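The chains referred to below are lettered A, B, ... by the order of the sequence lines, with proteins before strands, and numbering in each begins at 1. The structure displayed is predicted, hence computed values, not measured ones.
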2 protein chains.
Amino acid sequence: MPHGHASEALTKNQALVMGALSEATGPLSAYTILDQLRDDGLRAPLQVYRALDKLVEFGLVHRLESLNAFVACRQPGCDSHERTAFMICDDCGSVIEITDKALARRLKSLAQDASFALKKSTIELRGLCAACTPM
Amino acid sequence: MPHGHASEALTKNQALVMGALSEATGPLSAYTILDQLRDDGLRAPLQVYRALDKLVEFGLVHRLESLNAFVACRQPGCDSHERTAFMICDDCGSVIEITDKALARRLKSLAQDASFALKKSTIELRGLCAACTPM
DNA sequence: TTGCACACGTTATACCGTTACACAATCGTG
DNA sequence: CACGATTGTGTAACGGTATAACGTGTGCAA
(Lines give C-alpha, C1' and ligand atoms only; values in the text may rest on other atoms or scores of the structure.)
Protein backbone atom coordinates (compact mmCIF):
# COMPACT_ATOMS: atom_id res chain seq x y z
CA MET A 1 0.00 0.00 0.00
CA PRO A 2 1.42 3.34 -1.04
CA HIS A 3 2.41 6.30 0.99
CA GLY A 4 1.79 7.78 4.35
CA HIS A 5 -1.25 8.03 6.54
CA ALA A 6 -3.90 7.34 4.05
CA SER A 7 -2.81 3.78 3.72
CA GLU A 8 -2.90 2.89 7.38
CA ALA A 9 -4.30 -0.54 7.85
CA LEU A 10 -7.51 0.33 9.61
CA THR A 11 -9.18 -1.94 12.07
CA LYS A 12 -12.71 -3.11 11.48
CA ASN A 13 -14.37 -0.36 13.51
CA GLN A 14 -12.08 2.30 12.14
CA ALA A 15 -12.89 1.19 8.60
CA LEU A 16 -16.61 1.25 9.31
CA VAL A 17 -16.47 4.76 10.73
CA MET A 18 -14.21 5.95 7.95
CA GLY A 19 -16.60 4.52 5.42
CA ALA A 20 -19.56 6.33 6.93
CA LEU A 21 -17.70 9.63 6.90
CA SER A 22 -16.40 9.13 3.37
CA GLU A 23 -19.82 8.48 1.97
CA ALA A 24 -21.40 11.41 3.76
CA THR A 25 -21.73 14.72 1.97
CA GLY A 26 -21.14 16.70 5.14
CA PRO A 27 -20.13 16.45 8.77
CA LEU A 28 -21.57 13.67 10.90
CA SER A 29 -21.92 13.55 14.66
CA ALA A 30 -20.59 10.54 16.50
CA TYR A 31 -24.10 9.44 17.34
CA THR A 32 -25.27 9.76 13.76
CA ILE A 33 -22.38 7.54 12.76
CA LEU A 34 -23.35 5.10 15.47
CA ASP A 35 -26.93 4.97 14.21
CA GLN A 36 -25.73 4.30 10.69
CA LEU A 37 -23.49 1.47 11.80
CA ARG A 38 -25.81 -0.39 14.17
CA ASP A 39 -26.46 -3.00 11.52
CA ASP A 40 -22.73 -3.49 11.21
CA GLY A 41 -22.43 -4.43 14.84
CA LEU A 42 -21.63 -1.17 16.56
CA ARG A 43 -23.62 -0.80 19.73
CA ALA A 44 -22.01 1.82 21.96
CA PRO A 45 -20.76 5.41 21.57
CA LEU A 46 -17.35 4.47 22.80
CA GLN A 47 -16.78 2.20 19.84
CA VAL A 48 -17.32 5.16 17.55
CA TYR A 49 -15.32 7.62 19.64
CA ARG A 50 -12.35 5.30 19.83
CA ALA A 51 -12.34 4.87 16.08
CA LEU A 52 -12.72 8.61 15.57
CA ASP A 53 -9.80 9.35 17.88
CA LYS A 54 -7.56 7.12 15.82
CA LEU A 55 -8.79 8.43 12.50
CA VAL A 56 -8.14 11.99 13.63
CA GLU A 57 -4.72 10.91 14.83
CA PHE A 58 -4.01 9.36 11.42
CA GLY A 59 -5.04 12.59 9.75
CA LEU A 60 -7.93 11.00 7.90
CA VAL A 61 -10.67 12.82 9.74
CA HIS A 62 -11.17 16.31 11.09
CA ARG A 63 -13.14 17.22 14.11
CA LEU A 64 -15.24 20.37 13.80
CA GLU A 65 -15.35 21.86 17.26
CA SER A 66 -18.10 24.32 16.58
CA LEU A 67 -20.40 21.56 15.36
CA ASN A 68 -19.35 18.69 17.59
CA ALA A 69 -19.08 16.70 14.41
CA PHE A 70 -16.56 15.02 12.15
CA VAL A 71 -15.67 15.11 8.45
CA ALA A 72 -13.46 12.98 6.27
CA CYS A 73 -10.40 14.88 5.14
CA ARG A 74 -10.83 15.93 1.52
CA GLN A 75 -7.38 17.38 1.03
CA PRO A 76 -5.18 15.83 -1.63
CA GLY A 77 -1.97 15.80 0.37
CA CYS A 78 -3.57 15.78 3.78
CA ASP A 79 -0.46 17.30 5.29
CA SER A 80 -0.66 20.33 7.57
CA HIS A 81 -3.64 18.61 9.10
CA GLU A 82 -3.11 20.68 12.23
CA ARG A 83 -3.47 23.96 10.38
CA THR A 84 -6.54 23.37 8.29
CA ALA A 85 -9.28 25.97 8.23
CA PHE A 86 -12.94 25.30 7.57
CA MET A 87 -15.75 27.37 6.17
CA ILE A 88 -19.03 26.00 7.38
CA CYS A 89 -22.29 27.07 5.80
CA ASP A 90 -24.88 27.80 8.46
CA ASP A 91 -27.61 27.18 5.93
CA CYS A 92 -26.78 23.98 4.07
CA GLY A 93 -24.11 22.63 6.37
CA SER A 94 -21.52 22.18 3.66
CA VAL A 95 -17.90 22.41 4.65
CA ILE A 96 -15.06 23.90 2.64
CA GLU A 97 -11.65 22.77 3.76
CA ILE A 98 -8.66 24.97 3.10
CA THR A 99 -5.05 25.27 4.05
CA ASP A 100 -3.38 28.60 3.52
CA LYS A 101 0.28 29.23 4.04
CA ALA A 102 -0.11 32.93 4.75
CA LEU A 103 -2.71 32.19 7.38
CA ALA A 104 -0.56 29.52 8.97
CA ARG A 105 2.41 31.88 8.99
CA ARG A 106 0.41 34.62 10.66
CA LEU A 107 -0.85 32.29 13.36
CA LYS A 108 2.62 30.95 13.96
CA SER A 109 3.94 34.48 14.22
CA LEU A 110 1.23 35.50 16.68
CA ALA A 111 1.97 32.48 18.80
CA GLN A 112 5.66 33.27 18.81
CA ASP A 113 4.97 36.84 19.86
CA ALA A 114 3.12 35.48 22.86
CA SER A 115 5.73 32.81 23.57
CA PHE A 116 2.99 30.31 23.01
CA ALA A 117 4.02 26.82 21.90
CA LEU A 118 1.42 26.18 19.23
CA LYS A 119 0.32 22.60 18.76
CA LYS A 120 -3.00 22.72 16.99
CA SER A 121 -5.10 25.39 15.33
CA THR A 122 -8.86 25.33 15.29
CA ILE A 123 -10.09 27.70 12.60
CA GLU A 124 -13.76 27.50 11.77
CA LEU A 125 -15.45 30.22 9.78
CA ARG A 126 -19.21 30.39 9.94
CA GLY A 127 -21.38 32.06 7.37
CA LEU A 128 -23.10 31.26 4.09
CA CYS A 129 -21.56 29.40 1.19
CA ALA A 130 -21.81 30.72 -2.35
CA ALA A 131 -24.84 28.58 -3.14
CA CYS A 132 -26.72 29.81 -0.06
CA THR A 133 -25.82 33.49 -0.29
CA PRO A 134 -28.70 35.63 -1.50
CA MET A 135 -27.70 37.77 -4.48
CA MET B 1 -31.92 48.87 25.25
CA PRO B 2 -28.55 47.86 24.09
CA HIS B 3 -26.20 50.46 22.98
CA GLY B 4 -23.31 51.02 25.28
CA HIS B 5 -21.72 47.67 25.44
CA ALA B 6 -19.60 47.22 28.45
CA SER B 7 -21.91 49.13 30.73
CA GLU B 8 -25.13 47.40 29.81
CA ALA B 9 -27.70 47.33 32.51
CA LEU B 10 -27.66 43.62 33.07
CA THR B 11 -30.51 41.68 34.52
CA LYS B 12 -30.07 39.87 37.79
CA ASN B 13 -29.11 36.53 36.29
CA GLN B 14 -26.92 38.10 33.67
CA ALA B 15 -25.08 40.05 36.36
CA LEU B 16 -24.59 36.92 38.44
CA VAL B 17 -23.16 34.97 35.53
CA MET B 18 -21.02 37.91 34.43
CA GLY B 19 -19.72 38.19 37.98
CA ALA B 20 -18.74 34.55 38.10
CA LEU B 21 -16.89 34.80 34.81
CA SER B 22 -15.19 38.06 35.74
CA GLU B 23 -13.84 36.67 38.98
CA ALA B 24 -12.63 33.47 37.38
CA THR B 25 -9.03 33.24 36.22
CA GLY B 26 -9.95 31.06 33.29
CA PRO B 27 -12.82 29.65 31.27
CA LEU B 28 -15.83 28.22 33.07
CA SER B 29 -18.36 25.71 31.82
CA ALA B 30 -22.03 26.54 32.10
CA TYR B 31 -22.49 23.87 34.74
CA THR B 32 -19.56 25.12 36.76
CA ILE B 33 -21.13 28.56 36.73
CA LEU B 34 -24.41 27.03 37.80
CA ASP B 35 -22.77 25.28 40.73
CA GLN B 36 -21.15 28.51 41.83
CA LEU B 37 -24.42 30.36 41.71
CA ARG B 38 -26.73 27.90 43.42
CA ASP B 39 -26.58 29.93 46.60
CA ASP B 40 -27.65 32.97 44.63
CA GLY B 41 -30.82 31.28 43.53
CA LEU B 42 -29.92 29.71 40.23
CA ARG B 43 -31.31 26.22 39.99
CA ALA B 44 -31.40 25.14 36.36
CA PRO B 45 -28.96 25.08 33.43
CA LEU B 46 -31.32 27.09 31.31
CA GLN B 47 -31.01 30.08 33.59
CA VAL B 48 -27.27 30.08 32.99
CA TYR B 49 -27.49 29.43 29.27
CA ARG B 50 -29.97 32.22 28.77
CA ALA B 51 -27.72 34.66 30.57
CA LEU B 52 -24.70 33.44 28.63
CA ASP B 53 -26.48 33.87 25.31
CA LYS B 54 -27.18 37.49 26.15
CA LEU B 55 -23.71 38.18 27.45
CA VAL B 56 -22.19 36.77 24.29
CA GLU B 57 -24.61 38.85 22.26
CA PHE B 58 -23.55 41.96 24.20
CA GLY B 59 -19.93 41.16 23.51
CA LEU B 60 -19.06 40.76 27.17
CA VAL B 61 -18.35 37.05 27.02
CA HIS B 62 -16.72 34.70 24.55
CA ARG B 63 -17.62 31.11 23.98
CA LEU B 64 -14.69 28.77 23.49
CA GLU B 65 -15.91 26.07 21.17
CA SER B 66 -13.04 23.72 21.71
CA LEU B 67 -13.61 23.72 25.47
CA ASN B 68 -17.37 24.05 25.64
CA ALA B 69 -16.72 26.87 28.08
CA PHE B 70 -16.98 30.61 28.44
CA VAL B 71 -14.66 33.47 29.35
CA ALA B 72 -15.22 37.10 30.18
CA CYS B 73 -13.91 39.36 27.44
CA ARG B 74 -10.66 40.93 28.55
CA GLN B 75 -10.20 43.23 25.60
CA PRO B 76 -10.07 46.95 26.22
CA GLY B 77 -12.27 48.02 23.31
CA CYS B 78 -14.14 44.75 22.93
CA ASP B 79 -14.86 45.56 19.32
CA SER B 80 -14.24 43.02 16.59
CA HIS B 81 -15.70 40.50 18.97
CA GLU B 82 -16.45 38.26 16.01
CA ARG B 83 -12.83 38.08 14.95
CA THR B 84 -11.08 37.39 18.21
CA ALA B 85 -8.51 34.63 18.41
CA PHE B 86 -7.63 32.65 21.51
CA MET B 87 -4.54 30.83 22.65
CA ILE B 88 -5.50 28.18 25.15
CA CYS B 89 -2.88 26.49 27.28
CA ASP B 90 -3.48 22.76 27.39
CA ASP B 91 -1.56 22.56 30.63
CA CYS B 92 -2.79 25.36 32.88
CA GLY B 93 -5.96 26.30 31.02
CA SER B 94 -5.10 29.97 30.75
CA VAL B 95 -6.49 31.87 27.80
CA ILE B 96 -4.81 34.64 25.86
CA GLU B 97 -7.20 36.75 23.85
CA ILE B 98 -5.96 38.57 20.78
CA THR B 99 -7.28 40.45 17.80
CA ASP B 100 -5.01 40.87 14.86
CA LYS B 101 -5.83 42.93 11.81
CA ALA B 102 -3.58 40.99 9.47
CA LEU B 103 -5.18 37.73 10.54
CA ALA B 104 -8.66 39.15 10.12
CA ARG B 105 -7.73 40.46 6.67
CA ARG B 106 -6.40 37.09 5.58
CA LEU B 107 -9.52 35.28 6.74
CA LYS B 108 -11.73 37.81 5.02
CA SER B 109 -9.73 37.42 1.85
CA LEU B 110 -9.94 33.64 1.95
CA ALA B 111 -13.67 33.84 2.46
CA GLN B 112 -14.03 36.19 -0.47
CA ASP B 113 -12.01 33.88 -2.69
CA ALA B 114 -14.49 31.13 -1.88
CA SER B 115 -17.52 33.42 -2.24
CA PHE B 116 -18.24 32.64 1.37
CA ALA B 117 -20.24 35.22 3.31
CA LEU B 118 -18.29 35.25 6.54
CA LYS B 119 -20.27 35.95 9.69
CA LYS B 120 -18.19 34.68 12.57
CA SER B 121 -14.68 33.35 13.01
CA THR B 122 -13.76 30.75 15.56
CA ILE B 123 -9.98 30.77 16.01
CA GLU B 124 -8.68 28.74 18.90
CA LEU B 125 -5.01 27.86 19.15
CA ARG B 126 -4.05 25.04 21.45
CA GLY B 127 -0.63 24.54 22.92
CA LEU B 128 1.42 25.59 25.92
CA CYS B 129 1.64 29.09 27.29
CA ALA B 130 4.97 30.69 28.11
CA ALA B 131 4.74 29.71 31.77
CA CYS B 132 4.04 26.07 30.94
CA THR B 133 6.58 25.66 28.14
CA PRO B 134 9.61 23.66 29.20
CA MET B 135 12.83 25.57 28.50
C1' DT C 1 6.17 -18.09 29.34
C1' DT C 2 5.30 -13.79 30.81
C1' DG C 3 4.42 -9.23 30.17
C1' DC C 4 3.02 -5.52 27.34
C1' DA C 5 0.43 -2.91 23.94
C1' DC C 6 -3.56 -2.46 21.62
C1' DA C 7 -8.25 -3.17 19.76
C1' DC C 8 -12.61 -4.51 21.25
C1' DG C 9 -17.22 -4.90 23.96
C1' DT C 10 -20.52 -3.45 27.65
C1' DT C 11 -22.53 -0.84 31.34
C1' DA C 12 -23.01 3.08 33.54
C1' DT C 13 -22.35 7.74 34.21
C1' DA C 14 -21.01 12.50 33.58
C1' DC C 15 -21.27 16.57 31.06
C1' DC C 16 -23.41 19.84 27.69
C1' DG C 17 -27.47 22.00 25.87
C1' DT C 18 -32.50 22.44 24.52
C1' DT C 19 -37.70 21.85 24.40
C1' DA C 20 -41.86 22.85 26.39
C1' DC C 21 -44.69 25.13 29.40
C1' DA C 22 -46.07 28.70 32.68
C1' DC C 23 -45.78 33.18 34.97
C1' DA C 24 -44.15 38.05 35.88
C1' DA C 25 -42.26 42.58 34.63
C1' DT C 26 -41.67 46.03 31.24
C1' DC C 27 -42.69 48.98 27.59
C1' DG C 28 -44.64 51.23 23.46
C1' DT C 29 -48.64 52.62 21.27
C1' DG C 30 -53.57 53.48 20.41
C1' DC D 1 -55.25 54.00 30.79
C1' DA D 2 -55.46 49.47 28.47
C1' DC D 3 -53.86 46.34 25.57
C1' DG D 4 -50.66 43.49 23.31
C1' DA D 5 -45.89 42.58 22.42
C1' DT D 6 -41.58 41.68 24.16
C1' DT D 7 -38.40 40.09 27.34
C1' DG D 8 -36.85 37.93 31.56
C1' DT D 9 -37.74 34.33 34.77
C1' DG D 10 -38.58 29.43 36.94
C1' DT D 11 -39.17 24.43 36.58
C1' DA D 12 -39.27 19.87 34.72
C1' DA D 13 -38.07 16.80 31.46
C1' DC D 14 -35.39 15.44 27.92
C1' DG D 15 -31.90 14.76 24.26
C1' DG D 16 -27.11 15.09 22.51
C1' DT D 17 -22.13 14.65 23.54
C1' DA D 18 -18.35 12.27 25.70
C1' DT D 19 -15.88 9.48 29.10
C1' DA D 20 -14.95 6.22 33.18
C1' DA D 21 -14.35 1.79 34.62
C1' DC D 22 -14.76 -2.54 33.95
C1' DG D 23 -13.29 -6.88 31.40
C1' DT D 24 -11.93 -9.80 27.01
C1' DG D 25 -8.93 -11.32 23.31
C1' DT D 26 -4.89 -11.09 20.34
C1' DG D 27 -0.17 -10.45 18.75
C1' DC D 28 4.37 -9.74 19.79
C1' DA D 29 8.76 -9.25 22.08
C1' DA D 30 11.83 -10.10 26.01
Residue pair B:His62, B:Phe86: steps toward the ring-ring contact (aromatic ring centres under 6.0 Å, His included) verdict: CA-CA 10 Å; B:His62 297 283; B:Phe86 301 90; 4.9 Å; yes
Closest-nucleotide ordering on DNA chain D, the 5'-leading residue of B:Asn68 and B:Asn13: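 Looking at the nearest nucleotide for each, B:Asn13 comes out on the 5' side.
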On DNA chain D, does the nearest nucleotide to B:Pro45 precede the nearest nucleotide to A:Leu67 from the 5' side, or the other way round? Give the residue. B:Pro45
Without decimals, in angstroms, what is the distance between B:Leu34 CG and C:dA14 C1'?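 Taking atom C1' of C:dA14 as the reference, CG of B:Leu34 is at 15 Å.
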A:Leu37 CG to C:dC8 C1', straight-line distance once rounded to whole Å: 15 Å
Below 4.0 angstrom from OP1 or OP2 of C:dA7, is there any side-chain N or O of A:Thr11?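 Checking C:dA7 against A:Thr11, no side-chain N or O comes under 4.0 Å of OP1 or OP2.
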With side chains defined as the heavy atoms from C-beta onward, is the minimum distance between [X] and [Y] less than 4.5 Å?
X	Y	answer
B:Val61	B:Val71	no
A:Leu21	A:Val17	yes
B:Leu10	B:Met18	yes

Without placing hydrogens or testing angles, list every side-chain donor-acceptor pair under 3.5 Å for residues 119-135 of chain A, not counting sequence neighbours.
unit_1	atom_1	unit_2	atom_2	d
A:Glu124	OE1	A:Glu65	N	3.4
A:Glu124	OE1	A:Ser66	N	2.8
A:Glu124	OE1	A:Ser66	OG	2.5
A:Glu124	OE2	A:Glu65	N	2.7
A:Arg126	NE	A:Asp90	OD1	2.9
A:Arg126	NH1	A:Ser66	OG	3.0
A:Arg126	NH2	A:Asp90	OD1	3.0
A:Thr133	OG1	A:Leu128	O	3.4
A:Thr133	OG1	A:Cys129	O	2.8

Just the endpoints, please: which first and last nucleotides of DNA chain D, 5' to 3', lie under 4.0 Å from a heavy atom of chain B?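 Listing 5' to 3', DNA chain D meets chain B from D:dG8 to D:dT11.
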Sugar-phosphate, base or nothing in reach of A:Ala44, heavy atoms under 4.0 Å: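 Here A:Ala44 touches the bases of the nucleic acid.
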Within the distance-only criterion (no hydrogens, no angle test), does the side chain of A:Thr32 pair as donor or acceptor with the backbone N or O of A:Leu28 below 3.5 angstrom? no
Under 3.5 Å, side chain of A:Glu57 to main-chain N/O of A:Lys54, donor-acceptor pair present? no
Name each donor-acceptor pair under 3.5 Å that joins a side chain in residues 38-52 of chain B to protein atoms two or more places apart or in another chain, with its distance.
unit_1	atom_1	unit_2	atom_2	d
B:Arg38	NH1	B:Arg43	O	3.2
B:Gln47	OE1	B:Arg43	N	2.7
B:Gln47	OE1	B:Ala44	N	2.8

Report the residue (A:Arg43 or A:Tyr31) whose heavy-atom-nearest nucleotide on DNA chain C is the more 5′ of the two. A:Arg43
Members of residues 15-26 of chain A that approach DNA chain C, where some heavy atom sits under 4.0 Å away: none
Let me check something: do A:Ile88 and A:Val56 share a hydrophobic cluster, defined by ILVMFWY side-chain heavy atoms less than 4.5 Å apart, either directly or through other members? no
Please determine whether residues A:Leu34 and A:Leu37 belong to a single hydrophobic cluster, defined as Ile, Leu, Val, Met, Phe, Trp and Tyr linked transitively by side-chain heavy-atom distances below 4.5 Å.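 As far as the 4.5 Å side-chain criterion goes, A:Leu37 and A:Leu34 are connected within one cluster.
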Contacts table for residues 103-113 of chain A: side-chain donor-acceptor under 3.5 angstrom, sequence neighbours left out:
unit_1	atom_1	unit_2	atom_2	d
A:Arg106	NE	B:Asp100	OD2	2.7
A:Arg106	NH2	B:Asp100	OD1	2.7
A:Arg106	NH2	B:Asp100	OD2	3.3

Positions of residues 46-55 of chain A (non-hydrogen atom under 4.0 Å from DNA chain D), listed by number: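 The answer is A:Leu46, A:Tyr49.
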